[in-house]
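See below for the structure under consideration.
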Amino acid sequence: MTDVLIVGGGIGGLALAQGLRKHGITVAVYERDRRRDDRVDRYRLAINPAGSRSLRACLPDPHWQAFTDTVGRPGGGFGFLGTDLRTLVLVEDSVMYPDDPDPAERAYPVDRHTLRGVLLDGLDDVVHYDKAFERYELAADGRPTARFADGTAATCDVLVGADGINSRVRAQYLPTATARDAGAVGVGLKLPLNDDTRAWLPARLAEGMNLIVTGAPYFLFTSVFERQKPVGDDYLLCAFVARNDLFPSRPERLDGPQLKAYVAGLITHWHPALRQLIDRCPPGDVSAFPFQASDRPAPWAPSRVTVLGDAVHGMPPAGGNGANTALRDAALLTRQLSLADGGHLPLLDAIGGYEAEMREYGFHSVDLAMRTLRQGLMSNPVAVGLTRGWFSLCGIASPLRRMTFGASWATISAPRQWERAGASRPG
């Protein structure tokens with residue numbers, strides 16, 4: 001029986017743990033956080049059909065039900081707005097993701113903290129906290145032993161690095177696979193959605209997702225998270241993204257009031273409601289994230305060590321595909337390791353198959369995220385004018401909206417061959 005050790009208890013690592021346990025494979029997760037509730041990242045995620053499909057494949061039935069019970073209220077579309085809040089084009093949900101009768105083929109707004117709670121459920125005996133990974137060693141037979149900062153160690157059949165874009169597993173395993181500065185910084189903010197804020201918040205900002213198109217090297221993205229059954233913690237997620245040189249070095253060291261002041265200084269000419277939006281966000285819910293993107297590595301020979309998610313194909317959040325791609329990794333690696341555990345594939349062939357497929361769709365997602373980021377930061381007056389004009393035409397003509405935007409969301413989340421094969425198998 002295969003024994004798998006996962007370094008990192010983020011969304012991808014926990015989904016893999018759930019999937020492996022569902023298939024009867026022994027698994028342990030080693031997480032550097034000291035306690036389960038150390039992470040307080042209460043931000044909205046957009047789970048696309050690829051992410052939903054992957055969660056359905058990895059989660060036991062009760063957990064899948066818990067996921068669908070806790071997702072946010074869908075709908076609202078995607079609006080492209082000017083800094084005066086005029087709507088250039090509103091892309092309907094049916095254009096982004098045509099309705100599908102299968103819940104595992106739909107898109108959902110989710111709260112990251114809530115999703116992580118669903119993924120942690122039932123893994124109390126699997127997740128080991130306060131375990132900062134330092135390095136691994138390989139025995140003569142190739143079996144890895146992970147060593148941790150507290151002096152402990154654990155040996156396994158397969159070691160999986162799911163420890164983020166600054167992955168220590170990847171740094172040792174694939175030292176030439178580096179991450180680069182993506183040239184931008186994101187400032188995350190949250191505005192509580194309650195009767196007071198809804199009284200002044202423009203109606204369009206209080207639903208769906210929106211991108212404020214600026215014609216400058218910065219933009220604002222907003223998205224609503226409303227629970228299906230209100231419990232008083234609905235919010236509007238805001239992400240202000242700007243070119244690096246518009247912020248001081250090490251912006252992640254700035255506190256909430258300082259970050260809000262920098263953003264406010266860049267948007268003095270925006271609609272008053274947008275300026276008020278930034279001003280009203282609680283400083284404690286404001287933080288900065290320098291964006292990075294992984295360089296595409298040359299193919300490597302498979303071993304008993306592998307990586308998933310941001311540890312191998314980290315990307316800026318532009319386009320919202322990072323979590324979905326990590327979940328797809330988890331579903332694929334679960335599939336491959338279960339085939340090896342059942343004697344249907346040699347272990348290294350199973351891992352090699354995962355890595356070849358993961359490199360293809362993973363770095364396609366990186367390329368798409370970088371392209372989306374560059375488009376958002378575009379400040380060439382001619383290009384911006386053409387884009388605005390085309391968006392306005394799309395706003396008038398439904399066929400143009402479908403032609404322009406239909407493939408943008410659908411292509412990245414369309415089922416791959418192995419996912420279609422998995423869906424056709426009973427159970």
Side-chain angles (χ1 to χ4, degrees), residues 4 6-8 10-13 15-16 19-20 48-51 53-54 57-58 136 142 144 158-182 291-340 345-373 410-422:
V4 180
I6 302 168
V7 176
I11 287 173
L16 176 62
L20 294 175
N48 67 24
R53 191 182 311 123
S54 300
C58 290
Y136 67 83
V158 178
L159 173 67
V160 181
D163 49 340
I165 198 162
N166 296 312
S167 169
R168 289 186 174 182
V169 176
R170 185 206 63 239
Q172 181 178 352
Y173 181 49
L174 301 170
T176 60
T178 55
R180 65 189 184 279
D181 183 346
F291 289 170
Q292 293 179 275
S294 296
D295 296 309
R296 185 187 295 266
W300 61 88
S303 74
R304 289 174 178 262
V305 178
T306 193
V307 278
L308 68 73
D310 284 349
V312 57
H313 46 60
M315 64 193 79
N321 287 313
N324 291 293
T325 311
L327 289 170
R328 184 172 249 167
D329 291 350
L332 176 57
L333 188 52
T334 293
R335 176 184 186 272
Q336 294 296 101
L337 292 179
S338 64
L339 287 172
L345 272 179
L347 180 59
L348 294 190
D349 287 355
I351 293 173
Y354 156 73
E355 291 175 338
E357 173 76 355
M358 173 270 291
R359 282 192 294 266
E360 182 177 339
Y361 66 71
F363 284 94
H364 175 67
S365 294
V366 176
D367 293 342
L368 176 60
M370 288 300 297
R371 190 160 61 248
T372 302
L373 178 63
T411 301
I412 196 71
S413 61
R416 298 182 69 83
Q417 183 176 357
W418 57 273
E419 291 172 307
R420 289 192 293 268

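Throughout, residue positions are numbered sequentially from 1 according to the sequence presented. These numbers were taken from a predicted model, which means no experiment stands behind them.
For R170, there are no salt bridge (charged side-chain N to carboxylate O under 4.0 Å, His left out) partners two or more places apart in sequence or in a different chain. Residues satisfying the side-chain contact (heavy atoms from CB on, under 4.5 Å) criterion with S413, sequence neighbours excluded, are N48, P49, A50, Y97. Considering only residues two or more places apart in sequence or on other chains, S303 meets the side chain to side chain donor-acceptor pair (under 3.5 Å) condition with Y173. Legend: residues meeting side chain to side chain donor-acceptor pair (under 3.5 Å) with S54, ordered by chain and number and at least two apart, are absent. In this structure R371 satisfies the side chain to side chain donor-acceptor pair (under 3.5 Å) test with no other residue, sequence neighbours excluded. Not counting sequence neighbours, the partners of D181 by the side-chain contact (heavy atoms from CB on, under 4.5 Å) test are N244. Taking D295 as the reference, T178, R180 meet the side chain to side chain donor-acceptor pair (under 3.5 Å) condition, with sequence neighbours excluded.
With rounding to the nearest 0.5 angstrom, the NE2 atom of H364 is 7.0 Å from the OG1 atom of T411. With rounding to the nearest 0.5 angstrom, the CG atom of L16 is 4.0 Å from the CD1 atom of I6. Atom CG of L368 is separated from atom CG of L373 by 11.0 Å, given to the nearest 0.5 angstrom. In this structure, OG1 in T325 is found 6.0 Å from CD1 in I412, a value given to the nearest 0.5 Å. Within the model, atoms CG of L339 and OG1 of T334 stand 11.0 Å from one another, a figure rounded to the nearest 0.5 Å.
When each of V160, L159, V158 is paired with V305, the side chain to side chain contact (heavy atoms under 4.5 Å, CB included) condition holds for L159 and for no other.
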Could you tabulate the donor-acceptor pairs under 3.5 Å formed by side-chain atoms of residues 311-319, not counting sequence neighbours?
residue	atom	partner	partner atom	Å
H313	ND1	G309	O	3.2
H313	NE2	D329	OD1	3.4
H313	NE2	D329	OD2	2.6

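Counting only residues at least two apart or in different chains, salt bridge (charged side-chain N to carboxylate O under 4.0 Å, His left out) contacts with residues 303-321 comprise D157-R304. Residues in residues 314-328 take part in these salt bridge (charged side-chain N to carboxylate O under 4.0 Å, His left out) pairs, two or more places apart or across chains: R328-E419. Residues in residues 348-365 take part in these salt bridge (charged side-chain N to carboxylate O under 4.0 Å, His left out) pairs, two or more places apart or across chains: E357-R416, E360-R416.
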